[in-house]
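Every chain is numbered from 1, with letters handed out A, B, ... down the list of sequences. Since the structure is predicted, the reported quantities are computational estimates derived from the model, not experimental observations.
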Protein chains: 4
Amino acid sequence: MKVGVLTGGGDCPGLNAVIRSAVRKGVQEYSFEFVGVRDGWLGLLKNDVVPLDISSVRGILPRGGTILGSSRTNPFKHENGLERVRETLAANDVDALVVIGGEDTLGAATELSRQGIDLVGVPKTIDNDVSGTDFTFGFDTAVGIATEAIDRLHTTAESHMRALVVEVMGRHSGWIALHAGVAGGANVILIPERPFDIDEVCEQVRRRFEINYAPIVVVAEGAVPKEGQLVVKDRSLDEYGHVRLSGIGEWLAQEISARTEKDARTTVLGHIQRGGTPSPFDRWLATRFGLHAIDAVRQGDFGCMVALRGTDIVRVPLAEATAENKVVAAPLYDEFGVFYG
Amino acid sequence: MKVGVLTGGGDCPGLNAVIRSAVRKGVQEYSFEFVGVRDGWLGLLKNDVVPLDISSVRGILPRGGTILGSSRTNPFKHENGLERVRETLAANDVDALVVIGGEDTLGAATELSRQGIDLVGVPKTIDNDVSGTDFTFGFDTAVGIATEAIDRLHTTAESHMRALVVEVMGRHSGWIALHAGVAGGANVILIPERPFDIDEVCEQVRRRFEINYAPIVVVAEGAVPKEGQLVVKDRSLDEYGHVRLSGIGEWLAQEISARTEKDARTTVLGHIQRGGTPSPFDRWLATRFGLHAIDAVRQGDFGCMVALRGTDIVRVPLAEATAENKVVAAPLYDEFGVFYG
Amino acid sequence: MKVGVLTGGGDCPGLNAVIRSAVRKGVQEYSFEFVGVRDGWLGLLKNDVVPLDISSVRGILPRGGTILGSSRTNPFKHENGLERVRETLAANDVDALVVIGGEDTLGAATELSRQGIDLVGVPKTIDNDVSGTDFTFGFDTAVGIATEAIDRLHTTAESHMRALVVEVMGRHSGWIALHAGVAGGANVILIPERPFDIDEVCEQVRRRFEINYAPIVVVAEGAVPKEGQLVVKDRSLDEYGHVRLSGIGEWLAQEISARTEKDARTTVLGHIQRGGTPSPFDRWLATRFGLHAIDAVRQGDFGCMVALRGTDIVRVPLAEATAENKVVAAPLYDEFGVFYG
Amino acid sequence: MKVGVLTGGGDCPGLNAVIRSAVRKGVQEYSFEFVGVRDGWLGLLKNDVVPLDISSVRGILPRGGTILGSSRTNPFKHENGLERVRETLAANDVDALVVIGGEDTLGAATELSRQGIDLVGVPKTIDNDVSGTDFTFGFDTAVGIATEAIDRLHTTAESHMRALVVEVMGRHSGWIALHAGVAGGANVILIPERPFDIDEVCEQVRRRFEINYAPIVVVAEGAVPKEGQLVVKDRSLDEYGHVRLSGIGEWLAQEISARTEKDARTTVLGHIQRGGTPSPFDRWLATRFGLHAIDAVRQGDFGCMVALRGTDIVRVPLAEATAENKVVAAPLYDEFGVFYG
């Protein structure tokens, strides 16, 4: 059996841990051979693959990023994409794929699986928004980085009695904002799932100042105010739909400043949330995902995605996992109501 | 309603986060009053309680340890213990207790609950060995510290081609050793649940040296070799049954050194595993435990322990949670077999 | 003897360490009394002072920010400023001041000293741009945070073969950019002291891509391209002259992207560089500064600033220290030429 | 010109940073060739050298340990050592050596230089005990690790009102103990340079408990009590003279416990102090040392050691640098007297 491994979408701490454990298990326990596909789906379109053996995965467990490279290429948006994928697999005698990616990459995997390509998915994203799994790897690391930043900002805020807005990642879901906001003791947490009322936010900010504490506002990049409240001139989007630097965080600081007559500043955490060594939890989860994905390959159980349920690794149908994004449910958000404002 | 909060047993990152969220929720949402019991069960025996309000819990979320103090006192091992507990509760008009502790503290809570005292348990221990919950808070922080230590030791081991033994906490269970060992890329992981064969350990160490890598051995303090293999002269135990400094790690390094003729050294992580600021995961979990414990109190659902199941906080009967320690099951340990040796 | 302590300007890790050591030494060794002046010079204008004793400084050594609050107030820009300062000092029987601040705060101190007010200065700034001292405290912490961010960005850059621009603090001097850039292994380091040629920067970026590595560009917020190269529309400045979010980093990423046809992104580190617990070096330096400042007060050696020279703490005349900013000298910048591009 | 690089003695964060910067500068600026000598002086005795070029040093800046391996071999303690060193140099056409090491390695270098071998020394040691330089690299990292451990232990100590003893590295000098002890807010700091009075230590511990704080005692492994006070049974030493696990820290905890009737525990930090990624300061210093060492080689200025003086890198005669260990002077230790006890 020859297995191809690919990593797609934005990079994420733990990708290398999956690659390592999959190769270790496949080679040592089942005598599989492996190839690494370069730059996600792009490598399958361009027949860009490299051999992968135990020596290629030595020492990569604690390293962020992916030794295979990544891209946001979608094979179905390229001419004859499906055919070219088949050709690459055939040309390299690849029997099955382990596809490590987030919603976009796994969405393409779902379709390829329907078209008869044997593959197993592994959910990866710092955003934690893949359905069917309690957590994706990369998320715990991102929350750690964001929480550390919030910890740091508290003392600056207090020293200057100033409101500080921290914009974290999360275009469609507020997982990072909610977890880091709760862990960092934020006073306002704004997520895409719940359009916010800027008047209420300012009221919460004011109440905090009144008891002589400086408010910390954590906002997911995709959070939006209630209809009619957002009047932004320069909210440009990049090619992937990310809000550019003058995003929601900057807008919030300006509004807070104008409405409360208190100094307010913004910090946009940006790419530092996705880099660096994975947290122990993410290394553990990614390692287990790799091991279980290879077991699924071994058993010919294709079209599934490995997933965390409690402390177990289970398999869920890819189609189910990619049907919709996992978002923060209202009761969970409201659970922390006593800390807001 | 007046609620008493106590923290018992070894200190653990996240204790303050539970205290804070319980008080915030109880005061703000249900207008409860609170008292803090000093030094675990000891405070109930000695009527040593302090008022607790929102201002007493400000700023404590990221602080390790417990603002209430702790002890390993067991009320049932003191004369008229139960009676004195009742008296203290009555003298302070305390209607219900939130008891935050590990197996010993919760064991006493189970018995007190049987005797009619209204209380809710919260599982805490860096060892993760409380049944009925996926994880206890404190564990993720301890794993993080141990993993960071292993990360550091790799480069020292490689530079000197030396075997390094890391002794981590875990008298009865190997959770920290297994998680940190897997996350840190250890080559040998030894846990109390699985008596080890010193010949096999040395063989694994040898194989690692043969491919020009330096082995890292992670050992839980309570791990033991197979019957007949352990011959130690000075394995003294302290009052709580902890192995003192010349423990299993030191023994292992000596045996490895003698049998493989390679240099081997030991590092005993000790108390640094339980101190310092809690990890974001532990702050999140501890915060949720505190909120849910107060809901249980509010609903008069006593005799239970809050617990994590997947991403939900549930309640389990205290008697069930404290019936036996949660240990590492054989299949989980074996899951990582490809990395051993 | 009664000593007033004040902290002025932007907050900085280590301020509390100075306050603590000054109070400990003054009280224990010389039986001085202390008051804390609130919010920098503002507290002297408004007669806003608080008692300071040993119990007020317990536990603050590792805490970022300042327990006294800070502001950017300049007493000489307020009507009767000097007179009001004198009145506050007289009203509180303050004999001498310990003034902890950066160039602006120490500049005002220099003038007040000339006007006969007894004071000793302590240099603080994350920017390291105070003359007369090898290092200011706060700088090492800021470099640490920036270096950690660069470490993280490397793996993201490599995974996507993308140029990453990191904008760090430094309006007038490139100390943070240079130290963090060298420590983080950056490929381009741009500082205010050396206007850069955007063509050359792009050439360095290209060369890095050619050998299949992804370039990291570290830029101080105050760095500027050579005359005529900068054409920015929205380079707004805030009230303190800080470049707002769409600053030089964003401009650089756009230019690099447009000129090299490679993806380029920016991360603006912002306020996280000044918060959080001080590094051990900064705690050591700040602690020593506090001890030595009190010795200067004791000896009546006013009008000086404590300073680090090698491993010694010395005193330099305030006038000399504040005459001009300390900038990165050309030979030091050029010392690292082999790493650029 | 062909330059050999070797790293000797205990591993130390920053070794790789020196190797990298020396090779980068030598190759790019002066077209030098390089070989790496394996395992310190051992490689010169055994003719074990490897080619070193720019690609071999890529990515090693943040990595702990040494890619060249290390050993504690002394060429003068091997038969015909000097001759064999000469032969290896001749056989590989090596014109000059860059010798990176601590007192032992540099001591041998001093003698080899006297015998006519062209070399430049670079001071490395986490202990900071090399004369002639303000700091050695590796020290700042070690202090950082020790300080973080002390930070963690504070909360454990407070929660249990227990004395905690932290044993840090430092056989002959107390640099790590003093810097980490001051930065960590320790209450007792014990160093080899100043034999301590156990009665006084216990008095300091008692005073701390009296004001309801828990004492932290930092002790260098080489610290000793006054004559007659130390009665230890099992103080075994390893081959390098290191105190084994039942060392001074353990003895102190037992004495404190017995004399003050308070619980006392020990943590021995051990090898984690020397591993892992170097701190930014150490990367900066190590990088500069490498650059300047190559300049000395280029100028034929042999027999010297590069050294830090203030913010300058200077050269000092090796003989002077290795004449005696740099120890903590009494006035520096006494400077922090207000914090002791």
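- Of the atoms belonging to B:Gln28, it is side-chain heavy atoms, and not backbone ones, that fall under 4.5 Å from chain A.
- B:Arg24 touches chain A through backbone and side chain together, each having a heavy atom under 4.5 Å away.
- Here the closest heavy-atom approach between residue A:Gly144 and residue B:Pro280 is recorded as CA-CG, 3.7 Å.
- A cation-pi geometry, defined here as NZ or CZ lying under 6.0 Å from the six-membered ring centre and within 45° of its normal, holds between A:Arg58 and B:Tyr213.
- Contacts between B:Ser21 and chain A at a heavy-atom distance below 4.5 Å involve backbone atoms as well as side-chain atoms.
- The most heavy-atom pairs under 4.5 Å with chain A, out of B:Arg309, B:Arg20, B:His179, B:Glu29, come from B:His179.
- Within the 4.5 angstrom heavy-atom criterion, no atom of B:His154 approaches chain A.
- From A:Glu335, atom CD reaches atom NZ of B:Lys25 across 7.0 Å, with rounding to the nearest 0.5 Å.
- Looking at A:Glu148 and B:Thr277, their side chains never come closer than 4.5 Å, going by heavy atoms from C-beta outward.
- Neither the backbone nor the side chain of A:Leu285 comes within contact range of chain B; no heavy atom of the residue lies under 4.5 Å from a heavy atom of that chain.
- Residues B:Arg283 and A:Val182 form no side-chain contact, since every pair of their non-hydrogen atoms from C-beta on lies 4.5 Å or further apart.
- Nearest heavy-atom pair across A:Gly310 and B:Asp134 is CA-OD2, 3.3 Å.
- Contacts of B:Leu308 with chain A are absent, with no heavy-atom separation under 4.5 Å from either backbone or side chain.
- When heavy atoms are compared at a cutoff of 4.5 Å, A:Ile211 approaches chain B solely by way of its side chain, counted from C-beta outward.
- The choice from A:Asp312, A:Leu178, A:Asp295, A:Asp140 that makes the most heavy-atom pairs within less than 4.5 Å of chain B is A:Leu178.
- Ranked by non-hydrogen atom pairs under 4.5 Å with chain B, the options A:Val27, A:Val143, A:Leu291 are led by A:Leu291.
- Of the atoms belonging to A:Thr287, it is side-chain heavy atoms, and not backbone ones, that fall under 4.5 Å from chain B.
- The aromatic rings of B:Trp284 and A:Phe336 sit tilted relative to each other, their planes meeting at an angle between 30° and 60°.
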